[in-house]
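What's counted below: heavy atoms across the whole structure, side chains too, no hydrogens, waters or symmetry copies.
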Amino acid sequence: MREAWKGLLLALGLCAGVARAEEEIEEAAPSVAEEDTRLPGYMEISGAPESDSDGELRVSVATSLARPPRGYFPLEVELHNTGSTPRVVDIGVTATATEVRRVEVSRRTVEVGPRQKSSVWMPVPVLSRHGLVRVESPGLKFRVFSFYATDGSGQSVLVLGSEKAFAEGTHLPRVEEGKLAVRFLSPENAPRELAAYVGHPRIVVAGDVTALPADVWSALEAYAATGGLLTLLHPPRDVDQRLPLLTRSPPGDVQPYGFGQVRLCDGAEGCASGLLADAAALESDKAPRPGPVHPAPPPSRWGQPALGTGLSPLLPGVQAPVGRFLGLITLFVLAVGPGGLLLARRKGPVALLIAVPSVALVTCLAFVGWSVLVEGFSLHAARYSVTWLDRERDRTVTVGVGGYYANLEPESFQVPVLGALLSSDVDWEVRPLEADWTRGMVVTGGFLSARTYQEWGEVAVEPSRARLGVSAEGGQLRVRNALGAPLVEGYVRSGGGWWKLPALAEGAEGLATPLPASTRDDVTEQLRPTEDVDRRLSPVLGRLFQEPLTEGDFLARLEGAGWTFSAAIPVSLHEGSHLVRGRVDGP
């Protein structure tokens, strides 16, 4: 019997050893990558809209949407007023901010005229993967719609035009699992705000460009100028006037455009191969992240000094003084613990009842005093930006990043129509931006939580009268600073030579210093910002420094609040450094 048990145990040991050996072999064997089953075609990411009606007003909401990698995705609410009186409609989009709390991330109030049908676009932050849409009108009641956003298995493409026009312009087939995940928008009813486009890695105009409404085309042109990739399947004859920053207009490959790129298609085959090549490039491990600016996310764990990407904060001193606070708490514990026991023995319990609240009050006042005297109640900020000065059209194309910290959450502020705020695209940022879109984008919440460091990226195309004037005087070059901020340093090419700009206050004049004839184009590399700022603005900085300065061009560094729209927010500015490139006024 004993021998039988020994044999059974030996057999079990052998089986376990064999199983363990098989597991080790499987772990040691090289993993085979799953085969990509996606076909070289496109699949449409959209669901049928849900509808509801009450009285003379009918509402339709698109509940299944394609989610771009960052920024916002446009949610369409279609309103149809069949009556003879206008209707005021309030639309609100709520999304999950925490596990138990929902916030209204997008709100808009519109008026629908008699017998009018209109599309209302609600830009929703990509952090809001799902939520609810509430539609309200006086005297009417509609059900609550739910929506969700999906990433899709292919690379995201936003198409302005019909599916037929896209298929004819690219000759790409529609498949179940394709390389491209496409969402189609009607060109006539497309969004007018830059925020609805800025997060998409590529946008395609499939139909006639000249048929687009002027404000829709302005948003698309701003999207390309601020770092996007815009593809025109049928470039118009006046493409040079519609894309004023285009350096060369012959159709073909991708061409630089401001901080972004433009593809003017020359035949369906070339355009299809270009779209598929873009998708493959974005999937590469070495491909840069899409988007013009990449704010750093907060620390993945509380108390970490470094941000989520390993970068240091742009604004120093934003970490909580944990050591000092722990010291105060330790003193408080010693005072009410051993100190309280000693006091009770010597003076009695009445003294203890007076001493403990007094010590607690002093400790609380110490915490409050630190916040008031050291941090204050102002909004602290550090801002960095890159600007393309388009003097011919009196406008600026700006991409910037800022780090912010405050004891109290700041008040609401306005964002221009051709401007957008971009957060870091990470999952542990659980509070999305809250905005009212009734009269442009007004940020009402979510920009900055109290006693929390956060970074925001900004893109904007805005009118500006800024300029840098130069005039030749007896072999010297006189410079007039009308850029709206103090000029720290810079370079200009004028008269066939290189000149170093002097440091000038706003409105001041000075003489530039000629540089040796051997000076190369890479002299401007001396203006590059620090590595931390470079990694956040690397896409636009590459475009700024790769193109050599030609006759009449300048590149300068300014200081101050900068040209970003957040400059209107009152802040205590720790540092402001801004690179500007453009053409001078003068010879």
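Leu160 approaches Ala190 most closely through the heavy-atom pair CD2-CB, 3.8 Å. For Cys271 against Gly169, the heavy-atom pair with the smallest separation is CB-O, 4.3 Å. Contact record, Ala66 with Arg183: CB-CB, 4.2 Å, taken as the closest heavy-atom pair. Between Pro68 and Ser156, the shortest heavy-atom distance links the atoms CA-OG, 4.3 Å. The nearest pair of heavy atoms linking Val459 to Phe565 is O-CE2, 3.7 Å. Heavy-atom minimum distance, Thr564 versus Gly400: CG2-CA, 4.2 Å.
The closest side-chain donor-acceptor pair between Glu455 and Ser424, if any, does not fall under 3.5 angstrom. Checked by atom type, the side-chain pair Asp436/Thr444 shows no donor-acceptor distance below 3.5 Å. For the residue pair Glu193 / Tyr72, no side-chain donor-acceptor distance below 3.5 Å is found, with atom types taken as modelled.
The number of heavy atoms from other shown groups lying within 6.0 Å of CD (Gln241) is above 12. Within 6.0 Å of CD in Glu411 there are 12 or fewer heavy atoms belonging to other residues, nucleotides or ligands.
Side chain of Asp54 to backbone of Leu140: no donor-acceptor contact under 3.5 angstrom is found. Here the side chain of Arg581 pairs a donor or acceptor atom with the backbone of Leu544 at under 3.5 angstrom. Here the side chain of Gln116 pairs no donor or acceptor atom with the backbone of His80 at under 3.5 angstrom. Within the 3.5 Å criterion, the main-chain N or O of Arg263 finds no donor-acceptor partner in the side chain of Tyr257. Of the possible polar contacts, one joining the Ser218 side chain to the Ala214 backbone as a donor-acceptor pair under 3.5 Å is found. Judged by distance alone, the side chain of Gln414 and the main-chain N or O of Arg439 form a donor-acceptor pair under 3.5 Å.
Using a 4.5 Å cut-off on side-chain heavy atoms (C-beta onward), Val159 and Leu185 make no contact. Contact of the Val89 side chain with the Val59 side chain is not registered, since no non-hydrogen atoms from C-beta on lie closer than 4.5 Å. Pro49 places none of its side-chain heavy atoms less than 4.5 Å from the side chain of Val61. With a 4.5 Å cut-off on side-chain heavy atoms, Ser137 and Leu57 count as touching. In this structure the side chain of Thr396 never reaches within 4.5 angstrom of the side chain of Trp388, judged on heavy atoms. Using a 4.5 Å heavy-atom cutoff, the side chains of His234 and Cys265 are not in contact. At a threshold of 4.5 Å between non-hydrogen side-chain atoms, the residues Ser385 and Glu458 do not count as touching. A 4.5 Å side-chain heavy-atom check between Leu433 and Ser423 finds every atom pair outside the cut-off.
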message = Determine whether Phe147 and Val93 satisfy the following criterion, side chain to side chain contact (heavy atoms under 4.5 Å, CB included), listing intermediate values before the conclusion.
response = CA-CA 9 Å; Phe147 74 91; Val93 179; 3.5 Å; yes

inquiry  = The test is side chain to side chain contact (heavy atoms under 4.5 Å, CB included); show your working for Glu177 and Met43 and say whether it passes.
reply    = CA-CA 6 Å; Glu177 289 289 334; Met43 55 181 178; 4.3 Å; yes

request  = Please test Leu194 against Val417 for side chain to side chain contact (heavy atoms under 4.5 Å, CB included), starting from the C-alpha separation and ending with a verdict.
outcome  = CA-CA 6 Å; Leu194 174 61; Val417 174; over 6 Å; no

request  = May I have the step-by-step check of side chain to side chain donor-acceptor pair (under 3.5 Å) for Ser60 and Ser51, ending in yes or no?
outcome  = CA-CA 4 Å; Ser60 297; Ser51 302; 2.8 Å; yes

inquiry  = side chain to side chain donor-acceptor pair (under 3.5 Å), that's the test. Do Arg383 and Ser566 meet it? Break it down for me.
reply    = CA-CA 9 Å; Arg383 294 195 182 108; Ser566 66; 3.1 Å; yes

ask   = Stepwise, does the side chain to side chain contact (heavy atoms under 4.5 Å, CB included) test hold for Val540 with Val293?
value = CA-CA 8 Å; Val540 294; Val293 58; over 6 Å; no

task = Show your reasoning for whether ring-ring contact (aromatic ring centres under 6.0 Å, His included) applies to Phe413 and Phe447.
result = CA-CA 10 Å; Phe413 61 92; Phe447 178 75; 5.0 Å; yes

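Between Trp456 and Tyr404, the distance from one ring center to the other does not fall under 6.0 angstrom.
Look at Asp215 and Arg192 and you find a salt bridge, because one of the NZ, NE, NH1 or NH2 atoms lies within 4.0 Å of a carboxylate O, short of that distance. In this structure, Arg134 does not pair ionically with Glu104, as no charged nitrogen and carboxylate oxygen lie closer than 4.0 Å. The residues Arg87 and Glu56 are annotated as not salt-bridged, no charged nitrogen and carboxylate oxygen being separated by less than 4.0 angstrom. One finds no salt bridge joining Arg58 and Glu78 here, because no Lys/Arg side-chain nitrogen approaches an Asp/Glu carboxylate oxygen to under 4.0 Å.
Remark: Trp121 CH2 to Glu76 CD distance equals 4.0 Å, nearest 0.5 Å. Distance CD/Glu136 to CZ/Phe142: 10.0 Å, rounded to 0.5 Å. Between the OG1 atom in Thr210 and the CH2 atom in Trp217 there is a gap of 10.5 Å [rounded to 0.5 Å]. Atom CG of Leu230 is separated from atom CD1 of Ile203 by 7.0 Å, given to the nearest 0.5 angstrom. Going from atom CG of Leu537 over to atom CZ of Arg543 covers 15.5 Å, rounded to the nearest 0.5 Å. Between atom CZ of residue Arg391 and atom CZ of residue Arg393 there is a gap of 10.5 Å, rounded to the nearest 0.5 Å.
Listed by chain and number, the residues in a side chain to side chain donor-acceptor pair (under 3.5 Å) with Arg395 are Glu221, Asp390 (sequence neighbours excluded). Residues satisfying the side chain to side chain donor-acceptor pair (under 3.5 Å) criterion with Thr398, sequence neighbours excluded, are Thr387. Evaluation of the side chain to side chain donor-acceptor pair (under 3.5 Å) rule for Arg465 yields Asp394 as partners, not counting sequence neighbours. Contacts of Ala149 classified as side chain to side chain contact (heavy atoms under 4.5 Å, CB included), with partners at least two apart in sequence or in another chain: Arg67, Phe73. Partners of Glu188 by side chain to side chain donor-acceptor pair (under 3.5 Å), not counting sequence neighbours, listed by chain and number: Ser186.
The side chain to side chain contact (heavy atoms under 4.5 Å, CB included) test with Leu275 singles out one residue from Leu229, Val182, Thr170, and that residue is Thr170.
For the ring pair (Phe, Tyr, Trp, His ring centres under 6.0 Å) condition, the pairs that include at least one residue of residues 177-216, sequence neighbours left out, are Phe166-Phe184.
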